[in-house]
Amino acid sequence: MTIHFAAARTPGCSPVARAFAKREIGYAANDNGNSTPTDKVLKAALRHFSEHGLSSARVARGKAQEAFFAGDRQAYDWWLGITRTLDRRLAAQLEQQSGASNSDTHIEPVA
């Protein structure tokens, strides 16, 4: 009869011990980059979100487009800041369209 060696397991390495072990709490990553909204814009964005819910970024984009086509740069920047706070990707698309519209191309308002 042959004898097989089975190494002893340490309690910390057993599969059961690993399954029941508490995992270290990770920290949330900040995906805002370097642009953080001011308190005034943040409060306005939260108020806008409370009024319009999940469609608030699209509504803010629409208001920014209205201001852009009306030639009101201050209102455009305000609504772009709110859009950026709520949905950065949507704000980047709006900025790209607005930048392109300065060079003889035409953008259509999104309903």
Side-chain angles (χ1 to χ4, degrees):
M1 175 181 339
T2 58
I3 299 174
H4 295 283
F5 174 75
R9 291 186 178 184
T10 58
C13 294
S14 82
V16 174
R18 284 190 308 240
F20 288 116
K22 289 185 179 180
R23 297 223 162 90
E24 185 177 325
I25 297 173
Y27 294 100
N30 187 355
D31 63 350
N32 290 338
N34 294 334
S35 63
T36 56
T38 62
D39 286 342
K40 190 175 181 180
V41 173
L42 183 61
K43 287 179 184 179
L46 289 172
R47 190 174 302 115
H48 185 73
F49 181 77
S50 71
E51 292 174 12
H52 298 283
L54 294 177
S55 65
S56 59
R58 288 191 302 267
V59 172
R61 177 189 60 184
K63 294 201 182 261
Q65 286 179 330
E66 288 173 14
F68 178 80
F69 289 123
D72 187 357
R73 182 65 185 198
Q74 187 176 3
Y76 169 75
D77 289 338
W78 174 256
W79 285 108
L80 181 63
I82 290 176
T83 305
R84 186 179 295 116
T85 302
L86 296 169
D87 188 346
R88 203 169 34 151
R89 224 178 332 163
L90 194 62
Q93 289 173 355
L94 178 62
E95 282 181 307
Q96 184 180 20
Q97 289 175 343
S98 300
S101 67
N102 291 336
S103 62
D104 297 333
T105 57
H106 180 68
I107 61 172
E108 293 294 325
V110 178

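In this text, all values refer to a predicted model and were calculated from it rather than measured experimentally. Numbers here are sequence positions counted from 1.
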Between atom [atom1] of [X] and atom [atom2] of [Y], what is the distance when rounded to the nearest 0.5 Å?
X	Y	atom1	atom2	result
R61	F68	CZ	CZ	14.0 Å
L42	R47	CG	CZ	10.5 Å
E66	D72	CD	CG	11.0 Å
Q65	Y76	CD	OH	8.5 Å

Grab the two heavy atoms, one from [X] and one from [Y], that are nearest each other, plus how far apart they are.
X	Y	value
A45	L86	O-CD2, 3.9 Å
W78	V41	CZ3-CG2, 3.8 Å
I82	A60	CG2-CB, 4.0 Å
D87	A57	CB-CB, 3.7 Å
L94	A64	CD2-CB, 3.5 Å

May I ask you to decide whether D39 forms a salt bridge with K43, counting only side-chain N to carboxylate O separations under 4.0 Å?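 Salt bridge flag = no for K43 with D39.
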More than 12 heavy atoms from other groups under 6.0 Å of CD on Q74: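 Open.
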4.5 Å side-chain heavy-atom contact, E95 and R84: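 They are in side-chain contact.
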